[in-house]
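Data block below; observations after.
Read the numbers this way: they start at 1 and go in the same order the structure lists the ligands and their atoms. Atoms considered below: every heavy atom in the structure, side chains included; atoms not considered: hydrogens, waters and symmetry mates. Not measured: the values here are computed from a predicted model.
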Amino acid sequence: MERSVDKSLLRYLPKVDQLLHHPEIAALMAICPRPLVVDSVRASIEVMRRLIYSGEFTGSADDIAELVVDKSISLIKKATRPNLRTVINGTGVVLHTNLGRALLSQSARVAVDQVASSYCNLEINLETGKRGSRYEPLEDLLIKLTGAEAAMVVNNNASAVLLALGALARGKEVIVSRGQLVEIGGSFRIPEVMEQSGARLVEVGTTNKTYPRDYIKAITSETALLLHVHTSNYRIVGFTRETSVEELVQIGRQSNIPVMSDLGSGFLVDLSKYGLPREPSVQETVAAGADVVTFSGDKLLGGPQAGIIVGKRHYIEEMKRNPLTRAVRINKFTVAALEATLREYLDEDNVLKNVPTLRMLTEPAQDILARAERLLNKLQEQITVNCQLEIIEGFSQVGGGSMPTAELPTYLMACVPTHLTVGELAVRLRLGEPSVLGRVQDEKYLIDLRTVQPDEIDQLAEVMARLINSAEVSR
Ligand SMILES: *Cc1c(COP(=O)(O)O)cnc(C)c1O
């Protein structure tokens, strides 16, 4: 069927100048850059012009100006809103790489704020007045906490691995078990990193079993390193045999070949008494004799994005001399946040409480339940339409490619609105202000309270109630 196109409606399109004088748009102009407002207004007029031309506009002439104003306002707001926004994490994944991994401790946040707003002694030794090192305070803390001889910090663990492999094995062979050729999200693949570093990969064993004798057989005069990679984001279970770092160290010592362990997450406190799987800590790996150990700053450590390298002094010194080190240098915000985070670990009694990642991972289920009940009460108060709400039991995940098999018992708010699908609710909340991410499971919209911060409950209830209530109205 032919659409009837009434071009006479074009006469009713408002002019740019008229729109700029509209009270609401003028108010926005006072707080937003003018070119952005003008562009948004022009774009809105253009959208309406096309709708009229194509016959898709079916309203009356009287509606046109109002619709263009509404469109302009929404475009101006969209254009001025920062892309990076707060998200309330209801997924229950504690270290969510897509949501920025670890939240910083209060002390780390203060430290970042200080170096952001004042000059600081990043590279000056205030005692001597001479040039200082941005790394030294961090290295001292890392040595103290891990028991290693030396330490250094780079931009992230991927660059730490690249740097370490390049320094220890460029042009030479590195022996790795086939069971440890991991890919970490975002295309960090051990074989490819190895190629970048200029080292040659020698794979030994099979996916499920690699024995010490497999490494011993593969050693040649070209072998520069035995590499152990912690399979942090998956587990090989069943009929398996992994050669431990201790065993690799024994083999390495006999042939005078260093051993490196990429721990990935790398944590400093044992969380097994809180129901988490037992994993090798950084201290244990250092004590086992690994020459070089690498791990992330923003996984289980709970600090800023960083790659931490600890180990034997002469290897670390060699890496520091590599020009790549300068290319993957950390900035002052990382220095500040990492120092504050590491200092939290000196206070063993409070570290689990003060570092948000550790707090979330070890939070007693009863405390999560209390938060779920607070949310439930507020939702019941504020939701005015039909919506089924209940608190159910479930499991949270560690995330960030850490402890993939860990299931942490938790409580979730299950929400089933009657006037929109759970999929529609998920989209509304994702686009909300603030944005909320949950899970959809068994026809229910779920918010895992483990990863919702205590001070986010009021905001979460408000945005959920607002978006659920308004969906009814707009139907
Ligand atoms: C996460 C991870 C990496 C990469 O660390 P980033 O800090 O994300 O660069 C490398 N190796 C292992 C084993 C990991 O788990």
Side-chain angles (χ1 to χ4, degrees), residues 93-104 138 142 151-166 168 174 176-197 199 201 210 225-236 242-245 248 259-268 276-277 279-282 284-285 290 292-311 319 324-325 327-331 333-335 337-338 341-342 357 361 397-406:
V93 180
V94 176
L95 292 169
H96 201 304
T97 298
N98 302 143
L99 302 184
R101 286 196 190 157
L103 303 186
L104 294 181
L138 297 177
L142 284 165
M152 64 186 286
V153 183
V154 293
N155 185 54
N156 58 1
N157 190 35
S159 51
V161 173
L162 182 64
L163 183 66
L165 289 175
L168 296 167
V174 178
V176 194
S177 158
R178 289 199 169 88
Q180 296 174 358
L181 294 173
V182 303
E183 170 172 325
I184 317 289
S187 77
F188 174 90
R189 289 177 157 183
I190 285 291
E192 286 162 20
V193 175
M194 194 85 76
E195 200 182 308
Q196 273 298 316
S197 73
L201 175 67
T210 307
L225 185 68
L226 305 180
L227 175 65
H228 187 276
V229 183
H230 184 51
T231 56
S232 51
N233 57 356
Y234 66 100
R235 281 286 171 281
I236 296 177
E242 201 187 59
T243 300
S244 66
V245 171
L248 286 185
V259 173
M260 165 172 158
S261 167
D262 175 20
L263 279 180
S265 224
F267 56 94
L268 300 171
L276 286 130
E279 295 225 346
S281 66
V282 179
E284 275 171 36
T285 311
V292 174
V293 181
T294 58
F295 56 101
S296 278
D298 58 350
K299 288 186 182 171
L300 286 172
L301 189 75
Q305 178 190 305
I308 299 172
I309 312 176
V310 299
M319 287 179 226
L324 187 58
T325 301
V328 294
R329 168 171 100 166
I330 54 172
N331 63 44
F333 306 113
T334 305
V335 174
L338 189 57
T341 306
L342 292 172
T357 300
L361 289 175
Q397 280 177 289
V398 179
S402 310
M403 302 183 170
T405 53

Which atoms of ligand 1 sit under 4.0 Å from any heavy atom of [X]?
X    : value
H230 : 13 (C)
R101 : 6 (P), 7 (O), 8 (O)
A158 : 4 (C), 5 (O), 6 (P), 9 (O)
S296 : 5 (O), 6 (P), 7 (O)

I'd like to check [X] versus [Y] (side-chain heavy atoms, cut-off strictly below 4.5 Å). Are they in contact?
X    : Y    : result
V229 : V161 : no
L99  : V93  : no
I308 : V282 : no

Q: Could you tell me whether K299 and ligand 1 have an N or O pair separated by under 3.5 Å?
A: yes
Q. How far apart are the closest heavy atoms of L227 and V174, and which atoms are they?
A. CB-CG1, 3.7 Å
Q.
Quick check: closest heavy atoms across S296 and L301, and the distance to 0.1 Å?
A. O-CB, 4.0 Å
Q. Does N157 use its side chain to pair, donor to acceptor, with the backbone of A160 at less than 3.5 Å?
A. no
Q.
Counting only heavy atoms closer than 4.0 Å, does ligand 1 sit against the backbone of Q305, its side chain, both, or neither?
A. neither
Q: Can you figure out which of N155, I190, N157 has its heavy atom closest to atom 10 (C) of ligand 1?
A: N157
Q) Strictly under 4.0 Å, does any heavy atom of V161 approach an atom of ligand 1? A) no
